[in-house]
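Okay, so here's the structure we're looking at.
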Amino acid sequence: MSQYKHFETRAVRTQLPRTEQREHSAPIYATSSFVFDDAEQARALFAEEEEGNIYSRFSNPNNDEFIQKLCEMEGCEDGMAMASGMAAMFVSMAAFLEKGDHLLISRSIFGSTHQITTQLFPKWGIDYTYVDINKPQDWEKEIKKNTKMIFAETPSNPGLDIIDLEFLGKLAESHNLLLNIDNCFATPYLQTPAQYGAHLVTHSATKFIDGQGRVLGGAVLGSKEVMEKVHFLARHTGPALSPFNGWILSKSLETLAVRMEKHCQNALELAKYLEGNNHVNWVKYPFLNSYRKLELAKKQMKLGGGMVTFEVSGGLERGRKFLDSLKMISFSANLGDTRSIATHPASTTHSKLSHEDRLAVGITDGLIRISVGLEHVEDIITDIDQALIASF
Ligand SMILES: *Cc1c(COP(=O)(O)O)cnc(C)c1O
């Protein structure tokens, strides 16, 4: 563990040892392999008796710096950088689940995680049950003899529902299950699932960790013991992060705290504005006083996060018109960027689901999701305000 007490200091000061060039910021190790000093060292490295770099599919200094830092921030022992968030989600599940195993997973889950669970795993004899994030009593009921892992995302996308991490941690412990939490929406600045007993903490680093819409990346973190299986699968299947992206993401973590403070401050102000707007049916934001699980949000999250969802009155057509009327806010599938981004799940990401299935995960026709960026909040509100009026 780091010698530094505070999150921000660890984020800034966890770094690779300086080379003889005396650089202040780590160089990019654009190398596919590393040279052995002698036959004995090569043997020891391959036998894993000695720690060190062999080949960038296994490890690379830039990715190591990124992961070391993220481990410090999440309170995890070990980790591995992945080429994308989905590589991280897939590897963190596939490393443990075997034919005949059962996965318990929250229903409001990222689209591609849903595809892995429902389309790929069944082909390999891995079964699953979806559980409602808002019905904690159902989780224990759905545990089967062959259940091996619980997987959940909190806050959920796009509904921004949350689940009690302490509850999930205890449930996993009492049934001897692995708990895997996708911590992408919260980031370690707001929430650290390992503290509640998550065995695996997974990230799409593409979102708030990069925070500037530049690179894809991901990470799987856990104890040294748990990570052995993750390292094995990833080393031999190759979802390695490029050193350049590792370098970018490590630099990005240095500013995560200040960026998240501002994202959260802007998001709360926007949520409050929307709550008072009569074109809006409802607003959801974890730190809003009207939030159904405000107490839980305040218990497990430092701030409410950078995402706000609301329902514009007038349904699907109004939702589409609203997006077409935005002048500054981007219309894009990404989130966690410096630039504010709006999405309309019912006509885009979740359009393939039936109306009923969308409602089951809380996606109404007029639901708009805003990833609140780092522009001045007044400009964000002005744009949303004029789009609400123009789409009326
Ligand atoms: C974006 C996202 C992912 C997938 O990450 P990629 O980097 O796009 O592969 C997984 N989970 C959540 C919650 C996400 O938002």
Side-chain angles (χ1 to χ4, degrees), residues 63 66-67 70 74 79-94 103 105-120 130 133 149-163 165 180-191 193 198 200-221 234 237-242 244-246 248-249 252-253 256 260 263 267 286 301 305-309 330 332-337 339 341-343 345 348-350 361-363 369-373:
N63 295 350
F66 163 53
I67 286 297
L70 196 56
E74 287 282 5
M80 189 161 180
M82 302 284 165
S84 69
M86 283 328 298
M89 302 310 147
F90 177 72
V91 170
S92 72
M93 294 195 272
L103 171 71
I105 182 162
S106 59
R107 190 183 300 275
S108 10
I109 205 81
F110 187 72
S112 295
T113 311
H114 166 78
Q115 301 294 359
I116 290 174
T117 305
T118 60
Q119 306 297 318
L120 286 178
Y130 269 137
I133 191 169
M149 180 183 283
I150 296 177
F151 187 102
E153 244 172 65
T154 181
S156 70
N157 175 28
L160 300 184
D161 291 310
I162 59 173
I163 185 156
L165 287 169
N180 188 346
I181 300 291
D182 178 343
N183 203 29
C184 164
F185 265 41
T187 81
Y189 185 63
L190 304 184
Q191 160 181 296
L200 290 149
V201 178
T202 38
H203 275 288
S204 165
T206 315
K207 313 297 169 55
F208 289 103
I209 289 182
D210 171 40
Q212 289 149 87
R214 301 168 296 186
V215 299
L216 289 181
V220 181
L221 311 177
T237 56
L241 182 70
S242 96
F244 176 70
N245 289 2
I248 291 257
L249 293 169
S252 300
L253 284 177
L256 183 72
M260 288 315 289
H263 279 295
M301 295 172 75
M307 309 296 294
V308 174
T309 56
S330 317
S332 166
N334 197 21
L335 63 96
D337 198 324
R339 300 187 171 96
I341 295 168
T343 52
T348 58
T349 48
H350 293 70
V361 288
I363 300 169
R369 186 193 78 183
I370 307 279
S371 168
V372 185

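Just so you know, these numbers come straight off a predicted model, no measurement behind them. Both ligands and their constituent atoms are indexed starting at 1 by order of listing.
- Ring geometry, Phe208 versus His263: the interplanar angle exceeds 60°, so the pair is classed perpendicular (tilted spans 30 to 60°).
- A search for side chain to side chain donor-acceptor pair (under 3.5 Å) contacts involving Asn183 returns Glu74, Gln191, not counting sequence neighbours.
- Contact detail for Ile370 and Ala342: the closest heavy-atom pair is CD1-CB, 3.8 Å.
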_Could you go through Asn157 and Thr349, starting from their C-alpha distance and side-chain angles, then the distance that decides it, and tell me whether this counts as side-chain contact (heavy atoms from CB on, under 4.5 Å)?_
CA-CA 11 Å; Asn157 175 28; Thr349 48; over 6 Å; no
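- Legend: salt bridge (charged side-chain N to carboxylate O under 4.0 Å, His left out) pairs involving residues 200-213, not counting sequence neighbours, sorted by first then second residue: Asp210-Arg214.
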What are the distances between nitrogen or oxygen atoms of ligand 1 and protein nitrogen or oxygen atoms, counting only those under 3.5 Å?
{"residue": "ligand 1", "atom": "5 (O)", "partner": "Ser204", "partner atom": "OG", "Å": "3.0"}
{"residue": "ligand 1", "atom": "7 (O)", "partner": "Gly85", "partner atom": "N", "Å": "2.8"}
{"residue": "ligand 1", "atom": "7 (O)", "partner": "Ser204", "partner atom": "OG", "Å": "2.8"}
{"residue": "ligand 1", "atom": "7 (O)", "partner": "Thr206", "partner atom": "OG1", "Å": "2.6"}
{"residue": "ligand 1", "atom": "9 (O)", "partner": "Gly85", "partner atom": "N", "Å": "3.1"}
{"residue": "ligand 1", "atom": "9 (O)", "partner": "Met86", "partner atom": "N", "Å": "2.8"}
{"residue": "ligand 1", "atom": "11 (N)", "partner": "Asp182", "partner atom": "OD2", "Å": "2.7"}
{"residue": "ligand 1", "atom": "15 (O)", "partner": "Lys207", "partner atom": "NZ", "Å": "2.7"}

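- By the side chain to side chain donor-acceptor pair (under 3.5 Å) test, Asp182 is found to be paired with no residue, residues two or more places apart in sequence or in another chain being considered.
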